Amino acid sequence: MTRERYEALAREIQAHDRRYYVDNDPSVADVEYDRLYKQLQAAEAAHPEWVVDWSPTRRVGSDLTSSFPKIERKVPMLSLDNTYDEAELTAFHERVVRGLEGETPVYVIEPKIDGVSIELKYADGKFLLGATRGDGVVGEDVTPNLRTIKALPLVLAEPVTCDVRGEVYMEKQAFARLNAERVAAGEEPWKNPRNSTAGALKLMDPRLSAKRPMKLLTYEVVGDERGRTHFELLAWMKALGLPVSADVKRVTSLAELVAYVQAWQHGKRLELPYATDGLVIKVDTISQRRLLGTTNRAPRWAIAYKFPAEQATSKLLEIEHNVGRTGAITPLGHFEPVELSGTTVKRASFFNYNQIKRLDVAVGDRVLLEKAGEIIPYVITVVERGADRVVVEEPTHCPSCGTPLMREEGQVALLCPNSFGCPVQRARSIEFFCKRDAMNMENLGPSLVSQLVEHRIVSDVADLFDLTVEKLVELERMGQKSAENVVAAIQLGREKATLTRLLVGLGMPKIGEVWAHEVAKRFGDLATLMATDPEQIFAGLVELHGFGDERARAVSDFLADERHRAVLHKLMARGVSPSEPKTVREGPLGGVRVCVTGTLSRPRSDIQSAVEGAGGTFEKSVKKGTHYLVAGADVGATKLKDAQKKGVRVIDEAGLEKLLRGEVLDPVV
Ligand code: IVH
């Protein structure tokens, strides 16, 4: 590969990144993307002197950050004044009109994203550093973590030098998932997406930040203000490759402004994938903004219109003491069903027993419910005490196994220490083992697993592999077909298992996917891991960058425990002894699916061997997911149309030869 080709490749991947992360409209199949990416990595490994600092591979720095340097800015990042109703909005408009000596401005209305505001410095079009708002003037440099956000362009389409301002946030679903994991691990959930985003940005290890699903939208530029209006500026930002909200509206009168704002609250707001706490209304014309100026705190040319958080009241019917996988007992409230921000709420967690005391809430009370980040319902306060209210005390014994509960020093979580004997903990761990990120055995959901444990058909994860259709059909609501599906899913789980997936499924403390993968890479397969002395496991893991003593100890302790070892041996005896596959198949066509049509210069079997020899898959017909159709001279129009319809790229024989040599094709125009 030449240096020119290397740079072209980096640019191509960057364009794919943009299509995928910014435009949400991917231009290549994932495998194809991965293939290009690997080529880039290989080129960089062979020629470190070529590496450009905006390379797509430079997103996750490998160095640990120990503290966040402070940066000071010349143009402070301001806040916004808030309005809450039509009267306040009208008052804002009147102030603006007075400031403009009677002229009525055009306004641009944008969603007010519930995230963390940041400033990104670009020099000659390259991303230099990014910092949080801090106190407005002094912010914290969180560049390594920001670089992990895929929507953040490391290089702009023009070599401009400017500061871009925007919001880093998390989508509602991602936020809910993250919170569910936290609660399952016995941690306090984040209150809103802003807090969880701030937490992710302040992590000391960018590799961990990279695992948090952060997104970015930008809305201002300082230093190179192109265009006469904000609306034009946004269009220019978009052209530069910056992610800009698609929900921007321009209005020309107060009446239109008020109507839009009111319609938004109950309409668009709930449809967006991210949480908003309002709208931001900005004067469009830049010269008018200058005329209006700013106060110390906020611009006079913009205002936030905040929506009231949606709330509802309901009656608390029962408090269930929920036992989690790790033994944490959490109080779960059951309520009379009530509509809240687009869904029916029946349950809400109190997270821990201190919360029940703090709220002084009892069964029979009417409570006020709100949704954190518009997604997770929680109780804010008691609005009316029930006449015959029943105070629920913190349990002293596990509701599942009766073991006396305990609390670890300095922790809020109430714990059942009987992790091996407690049936609910058992069921939850088995369920966890089957999850998608773990062994991926679909059809083994919570209710089936609970039944299996209750009927003592299964008592640990290894027993799953002894399940038969005959045993399963005995269960309630289990037909022949479903039983067959369950057995097939288990079979597939065993075949597809990797050491990483197995380790994730074991649910060791402090070991999520990232670290499980590190362990798997270090030891290669389960048999080796089991044959290694726990002290050596510890020594091997602390050596790994960022792993740390505590985490290494958690793994070696887990694997030293005879009870865990027994289950692992049982798994191995049932053919579950996965190794960690090499991530790509070797060869320039690793993972790529190729189909051939028409007459080419050599026999088809030759081409098949060449493709397979280069790590690719040769396909007899064009399918969804085929990457390339190699077309000979006499190819029919129907075949080509079919390929186009399925999104398969059509290339000629010369193109295939290029791919076989590991070269990059010109992008499709
Ligand atoms: S404009 C001086 N636009 O809201 C102009 N801010 O409450 C201030 N925010 O600190 C920023 N979405 O973090 C602007 N579309 C948007 C916004 C937005 C969210 C945040 C921003 C700001 C805070 C003020």
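Read the numbers this way: they start at 1 and go in the same order the structure lists the ligands and their atoms. Remember, predicted model here, so these are calculated numbers, not experimental data.
- Between W54 and F127, a ring centre-to-centre spacing not shorter than 6.0 Å is recorded.
- The shortest contact between atom 14 (C) of ligand 1 and any protein heavy atom is with Y219 CE1, 3.4 Å.
- Among pairs with a residue in residues 239-260, those fulfilling salt bridge (charged side-chain N to carboxylate O under 4.0 Å, His left out) read D247-K268, R250-D284, at least two apart in sequence or across chains.
- By the criterion of a heavy-atom distance under 4.0 Å, both the backbone and the side chain of K112 are placed next to ligand 1.
- Those atoms of ligand 1 with a heavy atom of V280 less than 4.0 angstrom away are 3 (N), 15 (N), 16 (C), 17 (C).
- Of the heavy atoms in P111, only backbone atoms (N, CA, C, O) come closer than 4.0 Å to ligand 1.
- At a heavy-atom distance under 4.0 Å, only side-chain atoms of K282, from C-beta outward, approach ligand 1.
- For the pair R289 and W301, the cation-pi criterion (under 6.0 Å, within 45° of the ring axis) is fulfilled.
- If you take CE on M237 and CG on L242, they are separated by 5.0 Å, rounding to the nearest 0.5 Å.
- Between E167 and ligand 1, a contact under 3.5 Å exists for at least one N or O pair.
- Under the 30°/60° scheme for interplanar angles, the aromatic rings of W264 and Y260 are found to be tilted.
- Defined by atom type and a distance below 3.5 Å, a donor-acceptor pair is present between the side-chain atoms of Q355 and R358.
- If you check the side chains of E110 and S245, you find no donor sitting under 3.5 Å from an acceptor.
- By the criterion of a heavy-atom distance under 4.0 Å, the side chain of R133, and not its backbone, is placed next to ligand 1.
- The distance criterion of under 3.5 Å between nitrogen or oxygen atoms is not met by W301 with respect to ligand 1.
- When only non-hydrogen protein atoms are considered, atom 2 (C) of ligand 1 lies nearest to P299 CG, 3.5 Å.
- Checked by atom type, the side-chain pair Y107/H93 shows a donor-acceptor distance below 3.5 Å.
- For ligand 1, the atoms sitting less than 4.0 Å from at least one non-hydrogen atom of E110 are 3 (N), 15 (N), 16 (C), numbered in the order shown with element in parentheses.
- In this structure, atom 12 (N) of ligand 1 lies nearest to the protein heavy atom I113 N, 3.1 Å.
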